[in-house]
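All remarks here apply to the structure that follows.
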Amino acid sequence: MIYSFANLLSNHFFVLIMLKRFINRCDFESYEDFMRNFKIEVPENFNFGYDVVDAQAAANPDKVALLWTDEHGTEKRFTFADIKHYSDRAASYFSALGIGRGSRVMLMLKRRYQFWFAIIALHKLGATAIPATHLLTAKDIRYRCNKAGIVAIVAACEPSIVKNIGEALPGCPTVEHVVMTGKGIPSDWLDFDKRLERASDWVRPEHVNRNEDISLIYFTSGTSGEPKMVAHDFLYPLGHIITASFWHNLTPDSLHLTVADTGWGKAVWGKLYGQWIAGATVFVYDFEKFVAADLLRMIEKYRITSFCAPPTIFRFMIKENVKSYDLSSLRYCTIAGEALNPSVFEEWHRLTGLKLMEGFGQTETTLTIANFPWMEPKPGSMGKPGPEYDVRILEPDGKLLAPGEEGEGEIVVLLEGRHRPCGLTRGYLDDPEAMQRAFEGGLYHTGDIARVDEDGYLWFVGRTDDVIKSSGYRISPFEVESVLMSHPAVVECAVTGVPDEVRGQKIKASIVLARDFRDSNQQALAKDIQEHVKHLTAPYKYPRVIEFVEELPKTISGKVRHAAIRKAAMQANAVATKIKVS
């Protein structure tokens with residue numbers, strides 16, 4: 001059973017019928033059936049704004065597409081007809097500013113509902129959207145504007161954002177317009193909401209885009225070096241059919257909440273593309289500071305049916321009295337963003353009866369590996385490959401494992417002789433060296449290490465440069481971190497390898513302590529933590545060095561910078577050696 005977007009796009013009614021048929025999971029009887037028969041056939045010049053949003057608006061105009069609320073209790077509901085209306089107005093307004101096909105526009109809109117109007121409008125223009133976090137400094141904004149040739153910035157009007165954009169602009173010669181939403185907009189910048197009210201009607205141009213044109217650019221927050229520009233084409237939304245319909249398990253009656261700021265790639269994973277292709281309603285909770293109790297109240301109040309968040313969010317929610325909230329509306333929970341500790345899986349299942357279905361992907365891809373509805377999840381496993389990506393494991397000796405074959409190595413995607421997956425990046429713009437590394441040998445190299453078990457499930461080990469080699473053993477930092485996280489004294493941790501004359505490397509754990517343990521005897525506590533690890537895993541994996549720290553170095557997206565910890569350890573070791581020699 002192969003479903004096609006082709007030849008039906010001129011008729012909105014048939015588009016919707018086709019979309020509903022496409023996302024009917026019952027058509028697939030098993031994971032094997034899914035892998036064998038799932039296929040996306042796409043038309044020429046696919047455009048999410050017209051071919052999904054406008055099609056939904058024509059066929060089902062009163063269906064709520066976006067349910068938005070904030071921490072002050074303000075609530076707005078936007079139907080598909082509303083989303084079409086406001087995105088058309090935004091397209092008309094942007095066009096009047098000179099923004100058109102190929103123009104690059106940065107969006108710093110946090111969780112404001114105007115993000116959805118703006119990004120769809122840019123798609124309708126054939127322009128390129130560059131979502132960005134509000135946490136960017138003036139230096140970060142300047143770098144991105146100059147690197148990408150950004151012509152306009154659309155942002156939420158808040159003091160820190162206004163300050164940073166204002167400081168960055170003198171060094172951003174390509175930026176012609178700053179458009180803001182909110183109150184207190186500087187007089188020389190433009191008011192997005194007021195301009196929408198006065199915008200003229202929008203008529204779709206005869207030709208908007210080709211499939212291979214760039215619709216999205218994300219700046220990766222790498223653990224070292226300047227951020228790279230990850231480019232996605234106009235077919236990228238179709239890759240998220242799998243994300244929403246076969247991982248989030250959504251149907252048209254679903255109310256889905258993904259916890260993500262619109263500046264991160266995870267937002268379009270869980271708050272836009274696949275969800276609206278599935279006809280589901282996207283729930284957005286716009287908050288400034290994460291409070292687990294508030295999020296639990298939102299799930300209870302609005303009767304959320306599907307929920308996706310990183311493990312950290314679930315850990316904080318578990319610490320609340322979950323049983324005091326009515327979470328009976330929840331039918332499905334998914335987890336991504338960082339590897340899942342089995343203890344989180346088990347405790348959430350005990351409290352709610354729901355199994356966390358882990359998934360794996362990157363800024364450069366859509367969902368690549370996951371626990372799909374037909375599968376029994378193994379706590380801590382990423383699951384199995386999806387049908388769009390021919391996922392393989394490349395062993396250290398260069399051997400490419402067959403699908404499902406046991407082993408350990410880098411996760412790669414086989415491209416040679418295969419169709420290009422919907423959702424795979426077009427590459428790193430203006431960075432031929434990064435392109436060469438990532439697409440060498442007819443493969444896409446993820447840079448992530450995993451092992452495959454006897455059932456074909458993949459287990460995250462670490463980044464290629466994070467794996468620790470000690471006394472001949474290859475040790476997964478994540479595996480040790482998972483054990484450490486089960487100790488009551490540990491709030492956060494990072495495991496790295498540090499130089500050792502005998503072992504090559506020895507394991508070091510950098511640990512942020514829970515408040516109740518900060519005044520403990522640290523030497524005794526370190527010993528207790530070491531014994532805890534020895535008891536729960538192979539003794540050679542215990543951290544021989546433990547350092548208690550106030551916080552861990554992180555990227556702007558919140559990922560722990562293992563490379564920075566390793567570098568600091570090497571510098572400290574070099575100083576110590578120099579002192580010893582002298």
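Just so we're clear, the structure is a prediction, and the values are computed from it rather than from any experiment. Keep in mind that the numbers below use all heavy atoms, side chains included, and drop hydrogens, waters and symmetry copies.
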Side chain to side chain contact (heavy atoms under 4.5 Å, CB included) partners of [X], counting only residues at least two apart:
X	result
Ala231	Ile214, Arg426, Leu429
Lys541	Ile475, Glu479, Val480, Thr537, Ala538
Pro310	Ile313, Glu338
Arg36	Glu32, Asp33

Kindly give the heavy-atom pair with the smallest separation between [X] and [Y], and that separation in Å.
X	Y	result
Leu367	Ile369	CD1-O, 3.7 Å
Tyr50	Trp202	OH-NE1, 3.1 Å
Lys84	Asp54	CG-OD1, 3.4 Å
Gly270	Thr258	CA-OG1, 3.3 Å
Arg104	Gly149	CB-O, 4.2 Å
Ala90	Ala121	CB-CB, 3.5 Å

Tell me if a side-chain donor or acceptor on [X] pairs with a main-chain N or O of [Y] at a distance below 3.5 Å.
X	Y	result
Glu408	Glu395	no
Lys271	Ala260	yes
Gln275	Leu272	yes
Lys147	Phe219	no
Asn211	Phe234	no
Thr446	Ile411	yes
Ser482	Phe478	yes
Ser245	Ala278	no
Glu406	Gly456	no

Quick check for you: to the nearest 0.5 Å, what is the distance between [X] atom [atom1] and [Y] atom [atom2]?
X	Y	atom1	atom2	value
Glu44	Asn209	CD	CG	11.5 Å
Arg331	Cys333	CZ	SG	11.5 Å
Thr366	Trp247	OG1	CH2	11.0 Å
Ser103	Leu125	OG	CG	8.0 Å
Leu235	Arg420	CG	CZ	9.5 Å
Ile242	Thr368	CD1	OG1	9.5 Å

#### Entry: Pairwise salt bridge (charged side-chain N to carboxylate O under 4.0 Å, His left out) hits with a residue in residues 360-377, at least two apart
Lys355-Glu376
Heavy atoms, side chains only, cut-off 4.5 Å: are [X] and [Y] in contact?
X	Y	answer
Gln505	Pro499	no
Thr281	His256	no
Asp213	Thr128	no
Val268	Pro131	no
Asn45	Val208	no
Pro311	Ile335	yes
Trp276	Pro237	no
Met375	Tyr457	yes

Does this structure show an ion pair linking [X] with [Y], if we count only N-O contacts that are shorter than 4.0 Å?
X	Y	value
Lys384	Asp453	no
Glu410	Arg392	no
Lys378	Asp455	yes

### Task
Begin with the C-alpha distance, continue with both residues' side-chain angles, and end with the deciding distance and a verdict on side-chain contact (heavy atoms from CB on, under 4.5 Å) for Val412 and Ile393.
CA-CA 6 Å; Val412 296; Ile393 294 297; over 6 Å; no
#### Entry: Crowding at CD, Glu416 (>12 non-hydrogen neighbours, <6.0 Å)
no
### Task
Step through the shown structure and confirm whether more than 12 heavy atoms of other residues, nucleotides or ligands are within 6.0 Å of CD on Glu454.
yes
### Task
Might you work through the side-chain contact (heavy atoms from CB on, under 4.5 Å) test for Leu122 and Ile99, ending with a clear yes or no?
CA-CA 8 Å; Leu122 293 174; Ile99 295 169; 4.1 Å; yes
Check: [X] ring centre within less than 6.0 Å of [Y] ring centre:
X	Y	answer
Phe34	Trp374	yes
Trp348	Phe314	yes
Tyr218	Trp264	no

### Query
Do you see a donor-acceptor pair shorter than 3.5 Å between the side chains of Lys124 and Ser87?
yes
### Message
Parallel, tilted or perpendicular, judged at 30° and 60°: which one describes the rings of Tyr31 and Phe372?
### Response
parallel
### Message
Could you walk me through whether His248 and Ser254 satisfy the side-chain contact (heavy atoms from CB on, under 4.5 Å) test, starting with their C-alpha distance in whole Å, then the side-chain angles of each, then the deciding distance to 0.1 Å, before giving a yes or no?
### Response
CA-CA 10 Å; His248 291 158; Ser254 297; over 6 Å; no
### Task
Show your reasoning for whether side-chain contact (heavy atoms from CB on, under 4.5 Å) applies to Leu356 and Thr334.
CA-CA 5 Å; Leu356 295 174; Thr334 45; over 6 Å; no
### Message
Does anything in residues 405-442 form a ring-ring contact (aromatic ring centres under 6.0 Å, His included)? List the pairs, not counting sequence neighbours.
### Response
Phe439-Tyr444
### Task
For a side-chain contact (heavy atoms from CB on, under 4.5 Å) with Asp431, tell me which candidate from Met229, Lys228, Gln436 qualifies.
Lys228
